[in-house]
Colleague: 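Pasting a structure here, questions to come.
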Amino acid sequence: MKAKTSGRRGWAGINFFDNSVVVARQLIGKVLLLDGVGGVIVETEAYDQGEPAAHSFIGERAHNAALFGPPGRAYVYRSYGIHWCLNLVCREPGYGAGVLIRAIAPTLGVPIMERRRGRDNLRLLCSGPGRLGQALAVTPDLNGKSVAATPFKLANAEQNPKVVRGRRIGLTKAVDLPWRFGLKDSEFLSAPFR
DNA sequence: ATTAGGATCCTCT
DNA sequence: GAGGATCCTAATG
(Lines give C-alpha, C1' and ligand atoms only; values in the text may rest on other atoms or scores of the structure.)
Protein backbone atom coordinates (compact mmCIF):
# COMPACT_ATOMS: atom_id res chain seq x y z
CA MET A 1 0.00 0.00 0.00
CA LYS A 2 1.25 3.39 -0.90
CA ALA A 3 2.03 5.86 1.84
CA LYS A 4 -0.49 8.65 2.16
CA THR A 5 -0.17 11.93 3.97
CA SER A 6 -1.88 10.48 7.04
CA GLY A 7 0.71 7.76 7.22
CA ARG A 8 3.75 9.87 6.61
CA ARG A 9 6.51 9.61 9.11
CA GLY A 10 6.39 12.28 11.80
CA TRP A 11 2.69 13.09 11.52
CA ALA A 12 1.54 10.65 14.22
CA GLY A 13 -1.20 9.34 11.95
CA ILE A 14 -2.80 12.73 11.48
CA ASN A 15 -3.77 14.04 8.07
CA PHE A 16 -3.46 17.79 8.22
CA PHE A 17 -5.32 18.11 4.92
CA ASP A 18 -8.45 17.20 6.90
CA ASN A 19 -10.85 19.68 8.48
CA SER A 20 -9.41 21.56 11.42
CA VAL A 21 -12.26 20.18 13.57
CA VAL A 22 -11.22 16.62 12.76
CA VAL A 23 -7.56 17.39 13.36
CA ALA A 24 -8.29 19.21 16.62
CA ARG A 25 -10.12 16.13 17.87
CA GLN A 26 -7.33 13.79 16.78
CA LEU A 27 -4.53 15.82 18.31
CA ILE A 28 -5.83 15.16 21.83
CA GLY A 29 -3.57 12.57 23.43
CA LYS A 30 -0.66 13.05 21.02
CA VAL A 31 2.75 14.07 22.27
CA LEU A 32 4.05 17.45 21.12
CA LEU A 33 7.65 18.45 21.72
CA LEU A 34 9.65 21.51 20.77
CA ASP A 35 13.38 20.91 21.07
CA GLY A 36 12.56 17.86 23.16
CA VAL A 37 10.45 19.83 25.60
CA GLY A 38 6.69 19.42 26.02
CA GLY A 39 4.17 16.68 26.70
CA VAL A 40 0.72 15.30 25.89
CA ILE A 41 -1.77 17.58 24.17
CA VAL A 42 -4.85 17.87 26.35
CA GLU A 43 -6.70 20.84 24.84
CA THR A 44 -7.17 22.21 21.32
CA GLU A 45 -9.46 24.50 19.37
CA ALA A 46 -10.35 24.43 15.68
CA TYR A 47 -10.60 27.53 13.51
CA ASP A 48 -11.89 27.51 9.96
CA GLN A 49 -11.90 29.68 6.91
CA GLY A 50 -14.87 32.02 6.60
CA GLU A 51 -15.71 31.88 10.28
CA PRO A 52 -15.38 35.29 11.97
CA ALA A 53 -13.29 34.12 14.94
CA ALA A 54 -10.57 32.77 12.65
CA HIS A 55 -7.52 34.88 11.94
CA SER A 56 -7.89 33.92 8.29
CA PHE A 57 -11.33 35.59 8.14
CA ILE A 58 -9.90 38.93 7.04
CA GLY A 59 -7.90 37.34 4.27
CA GLU A 60 -4.20 36.82 3.93
CA ARG A 61 -1.93 39.41 5.50
CA ALA A 62 1.75 39.42 6.40
CA HIS A 63 1.06 38.46 10.02
CA ASN A 64 -1.22 35.48 9.21
CA ALA A 65 0.49 34.28 6.04
CA ALA A 66 1.58 31.00 7.63
CA LEU A 67 -2.07 30.12 8.22
CA PHE A 68 -2.51 30.10 4.44
CA GLY A 69 0.59 28.00 3.91
CA PRO A 70 0.94 24.22 3.58
CA PRO A 71 -0.77 22.02 6.20
CA GLY A 72 1.15 20.43 9.04
CA ARG A 73 3.13 23.61 9.62
CA ALA A 74 3.17 26.06 12.48
CA TYR A 75 1.29 29.35 12.58
CA VAL A 76 2.36 31.60 15.46
CA TYR A 77 0.48 34.74 16.43
CA ARG A 78 0.77 37.34 19.16
CA SER A 79 -2.06 37.38 21.64
CA TYR A 80 -3.05 40.57 23.45
CA GLY A 81 0.29 42.09 22.55
CA ILE A 82 1.97 39.82 25.06
CA HIS A 83 1.93 36.12 24.31
CA TRP A 84 3.02 33.95 21.41
CA CYS A 85 0.57 31.18 20.66
CA LEU A 86 0.95 28.07 18.51
CA ASN A 87 -1.37 26.76 15.79
CA LEU A 88 -1.02 23.88 13.37
CA VAL A 89 -2.21 24.59 9.84
CA CYS A 90 -4.89 22.40 8.22
CA ARG A 91 -6.33 21.95 4.73
CA GLU A 92 -4.68 22.78 1.49
CA PRO A 93 -2.41 25.77 0.90
CA GLY A 94 -4.36 28.98 0.54
CA TYR A 95 -7.33 27.71 2.58
CA GLY A 96 -6.80 29.27 6.01
CA ALA A 97 -7.69 26.76 8.74
CA GLY A 98 -5.80 25.75 11.83
CA VAL A 99 -5.80 24.21 15.27
CA LEU A 100 -4.80 26.23 18.31
CA ILE A 101 -2.85 24.19 20.84
CA ARG A 102 -4.29 25.38 24.15
CA ALA A 103 -2.80 23.07 26.78
CA ILE A 104 -0.49 20.14 27.26
CA ALA A 105 0.28 17.89 30.19
CA PRO A 106 3.97 18.60 30.85
CA THR A 107 6.13 15.49 30.73
CA LEU A 108 9.50 16.22 29.14
CA GLY A 109 11.81 19.07 30.10
CA VAL A 110 9.75 20.26 33.05
CA PRO A 111 12.69 22.06 34.71
CA ILE A 112 13.44 23.89 31.45
CA MET A 113 9.83 25.01 31.17
CA GLU A 114 9.77 26.12 34.79
CA ARG A 115 12.87 28.19 34.18
CA ARG A 116 11.44 29.79 31.06
CA ARG A 117 8.26 30.73 32.88
CA GLY A 118 9.89 31.66 36.15
CA ARG A 119 7.26 29.60 37.94
CA ASP A 120 7.06 26.03 39.11
CA ASN A 121 3.31 25.43 39.35
CA LEU A 122 3.04 22.20 37.34
CA ARG A 123 -0.70 22.45 36.81
CA LEU A 124 -0.37 25.88 35.19
CA LEU A 125 2.92 25.25 33.40
CA CYS A 126 1.40 24.67 29.94
CA SER A 127 -2.28 25.28 30.72
CA GLY A 128 -3.49 27.92 28.27
CA PRO A 129 -2.08 29.03 24.92
CA GLY A 130 0.04 31.85 26.34
CA ARG A 131 1.58 29.79 29.12
CA LEU A 132 2.20 26.93 26.71
CA GLY A 133 3.90 29.29 24.29
CA GLN A 134 6.18 30.59 26.97
CA ALA A 135 7.00 27.13 28.35
CA LEU A 136 7.85 25.70 24.92
CA ALA A 137 9.60 28.89 23.80
CA VAL A 138 7.24 29.49 20.89
CA THR A 139 8.41 32.40 18.75
CA PRO A 140 7.38 33.78 15.35
CA ASP A 141 10.44 32.34 13.66
CA LEU A 142 8.66 28.98 13.90
CA ASN A 143 6.09 30.25 11.41
CA GLY A 144 5.82 27.90 8.46
CA LYS A 145 7.96 25.16 10.00
CA SER A 146 6.77 21.60 9.68
CA VAL A 147 5.67 19.76 12.83
CA ALA A 148 7.19 16.63 11.37
CA ALA A 149 10.73 17.97 11.51
CA THR A 150 13.06 19.56 14.03
CA PRO A 151 12.65 21.42 16.26
CA PHE A 152 9.17 19.88 16.45
CA LYS A 153 8.19 16.35 17.28
CA LEU A 154 4.67 14.95 17.06
CA ALA A 155 4.16 11.41 18.28
CA ASN A 156 1.50 8.94 19.34
CA ALA A 157 0.85 8.36 23.02
CA GLU A 158 -2.51 7.14 24.26
CA GLN A 159 -4.42 4.81 21.93
CA ASN A 160 -8.00 5.76 22.76
CA PRO A 161 -8.06 8.92 24.81
CA LYS A 162 -11.42 10.01 26.23
CA VAL A 163 -12.19 13.26 24.47
CA VAL A 164 -14.66 15.90 25.59
CA ARG A 165 -15.98 18.73 23.47
CA GLY A 166 -17.35 22.20 24.08
CA ARG A 167 -17.43 25.84 23.11
CA ARG A 168 -14.27 27.78 22.40
CA ILE A 169 -12.86 30.17 24.98
CA GLY A 170 -12.19 33.89 25.02
CA LEU A 171 -14.08 34.73 21.85
CA THR A 172 -16.64 37.37 21.00
CA LYS A 173 -17.54 35.94 17.60
CA ALA A 174 -18.85 32.53 16.58
CA VAL A 175 -19.16 31.79 20.28
CA ASP A 176 -21.45 28.81 19.90
CA LEU A 177 -19.37 26.56 17.68
CA PRO A 178 -18.41 23.41 19.66
CA TRP A 179 -14.89 23.36 18.36
CA ARG A 180 -12.92 23.03 21.58
CA PHE A 181 -11.62 19.58 22.49
CA GLY A 182 -10.10 18.26 25.68
CA LEU A 183 -8.75 15.16 27.34
CA LYS A 184 -11.46 14.12 29.76
CA ASP A 185 -10.73 14.92 33.40
CA SER A 186 -7.23 16.22 32.72
CA GLU A 187 -5.99 18.51 35.47
CA PHE A 188 -4.05 20.50 32.88
CA LEU A 189 -7.03 21.95 31.02
CA SER A 190 -7.09 25.74 30.87
CA ALA A 191 -10.76 25.65 31.92
CA PRO A 192 -13.28 22.90 32.67
CA PHE A 193 -15.73 21.50 30.12
CA ARG A 194 -19.42 21.43 30.94
C1' DA B 1 -13.89 31.60 44.91
C1' DT B 2 -14.55 35.40 42.11
C1' DT B 3 -13.43 39.82 40.12
C1' DA B 4 -10.89 43.83 38.38
C1' DG B 5 -7.17 46.02 36.26
C1' DG B 6 -2.71 46.23 34.02
C1' DA B 7 0.79 44.78 30.67
C1' DT B 8 1.66 45.53 25.56
C1' DC B 9 1.48 45.88 20.31
C1' DC B 10 -0.26 45.20 15.83
C1' DT B 11 -4.21 45.78 12.88
C1' DC B 12 -8.13 47.93 11.51
C1' DT B 13 -11.80 51.82 11.98
C1' DG C 1 -8.31 55.03 19.24
C1' DA C 2 -10.19 50.48 20.03
C1' DG C 3 -9.78 45.85 20.91
C1' DG C 4 -7.97 41.08 20.68
C1' DA C 5 -7.92 32.84 19.92
C1' DT C 6 -4.30 35.92 27.43
C1' DC C 7 -2.10 35.80 31.93
C1' DC C 8 -0.89 37.62 36.37
C1' DT C 9 -1.52 40.01 40.67
C1' DA C 10 -4.11 42.07 44.15
C1' DA C 11 -8.23 42.92 46.40
C1' DT C 12 -12.37 41.38 47.85
C1' DG C 13 -16.55 37.94 49.56
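Chain letters run A, B, ... following the sequence lines, proteins first, then strands; residues in each count from 1. Keep in mind that what you see is a predicted model, and the values were worked out from it rather than measured.
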Colleague: How far apart are the closest heavy atoms of A191(A) and I169(A), and which atoms are they?
Modeller: CB-CD1, 3.7 Å
Colleague: S20(A) side chain to Y47(A) main-chain N or O, any donor-acceptor pair under 3.5 Å?
Modeller: yes
Colleague: Which part of the nucleic acid, if any, lies within contact of R117(A), taking any heavy atom under 4.0 Å across all strands shown: a base, the sugar-phosphate backbone alone, or nothing?
Modeller: sugar-phosphate
Colleague: May I have the distance from Y80(A) (atom OH) to dG6(B) (atom P), rounded to whole angstrom?
Modeller: 16 Å
Colleague: Let me check I have this right: for DNA chain C, each base becomes ., (, ), [, ] or |, based on Watson-Crick or G-U pairs with both distances under 3.5 Å. What is the full string?
Modeller: ||||.|||||||.
Colleague: Please assess D35(A) against I112(A) for the test side chain to side chain contact (heavy atoms under 4.5 Å, CB included), listing each intermediate value before the final yes or no.
Modeller: CA-CA 11 Å; D35(A) 284 318; I112(A) 297 175; over 6 Å; no
Colleague: Please state how far atom CG in D48(A) lies from atom P in dA5(C), giving the value in whole angstrom units.
Modeller: 16 Å
Colleague: Check every strand shown and say whether I58(A) touches a base, only sugar-phosphate, or nothing at a heavy-atom separation below 4.0 Å.
Modeller: sugar-phosphate
Colleague: Could you tell me how far dG3(C) sits from dG5(B) if I compare only their P atoms? Round to whole Å.
Modeller: 15 Å
Colleague: Specify the separation, in whole Å, of atom NE2 of H55(A) and atom C1' of dT6(C).
Modeller: 12 Å
Colleague: Okay, side chain of R117(A), backbone of Q134(A): is any donor-acceptor separation there less than 3.5 Å?
Modeller: no
Colleague: Whole angstroms only, please: what is the NZ-C1' distance between K173(A) and dA5(C)?
Modeller: 11 Å
Colleague: Contact list please: residues 85-116 of chain A against DNA chain C, heavy atoms, distance less than 4.0 Å, in numerical order.
Modeller: N87(A), L100(A), R102(A)
Colleague: Given dT11(B), dT9(C), dC9(B), identify the nucleotide with an atom nearest to the side chain of R119(A).
Modeller: dT9(C)
Colleague: What's the closest nucleotide to the R78(A) side chain, out of dC9(B), dT6(C), dA5(C)?
Modeller: dC9(B)
Colleague: Could you check whether H63(A) gets within reach of a base, just the sugar-phosphate, or nothing at all, counting any heavy atom under 4.0 Å?
Modeller: sugar-phosphate
Colleague: Any salt bridge linking R102(A) with E45(A)? Criterion: basic side-chain nitrogen under 4.0 Å from a carboxylate oxygen.
Modeller: yes
Colleague: Over all strands shown, is S190(A) touching base, sugar-phosphate only, or nothing at heavy-atom distances under 4.0 angstrom?
Modeller: nothing
Colleague: I need the NE2-P distance between H83(A) and dG6(B), as an integer number of Å.
Modeller: 17 Å
Colleague: Between dA5(C) atom P and I169(A) atom CD1, what is the distance in whole Å?
Modeller: 13 Å
Colleague: Considering only side-chain heavy atoms of R61(A), which listed nucleotide, dA5(C), dC12(B), dT6(C), is closest?
Modeller: dC12(B)
Colleague: Could you check which of dA5(C), dC7(C), dA7(B) has an atom nearest any side-chain atom of I82(A)?
Modeller: dA7(B)
Colleague: Base, sugar-phosphate alone, or nothing: which one does G81(A) contact when heavy atoms must sit under 4.0 Å apart?
Modeller: base
Colleague: Suppose you measure atom P in dG6(B) against the same atom in dA2(C); what distance do you get, rounded to whole Å?
Modeller: 14 Å
Colleague: Report yes or no: does R167(A) contribute a side-chain atom to a donor-acceptor pair with the main-chain N or O of D176(A) at less than 3.5 Å?
Modeller: no
Colleague: Do any side-chain nitrogens or oxygens of T172(A) fall under 4.0 Å of OP1 or OP2 in dG4(C)?
Modeller: yes
Colleague: Does N143(A) use its side chain to pair, donor to acceptor, with the backbone of V76(A) at less than 3.5 Å?
Modeller: yes
Colleague: Can you tell me whether the side chain of Y77(A) and the base of dA5(C) have a donor-acceptor pair closer than 3.5 Å?
Modeller: yes
Colleague: Closest approach of A174(A) and A53(A), non-hydrogen atoms and distance?
Modeller: CB-CB, 4.3 Å
Colleague: Let me see the working for D48(A) and Y95(A) under side chain to side chain donor-acceptor pair (under 3.5 Å), right down to the final yes or no.
Modeller: CA-CA 9 Å; D48(A) 193 29; Y95(A) 184 88; 3.2 Å; yes
Colleague: Can you tell me the distance, in whole Å, between the CG atom of L171(A) and the P atom of dT6(C)?
Modeller: 7 Å
Colleague: For K30(A), I'd like to know if atom NZ has over 12 heavy atoms of other residues, nucleotides or ligands within 6.0 Å.
Modeller: yes
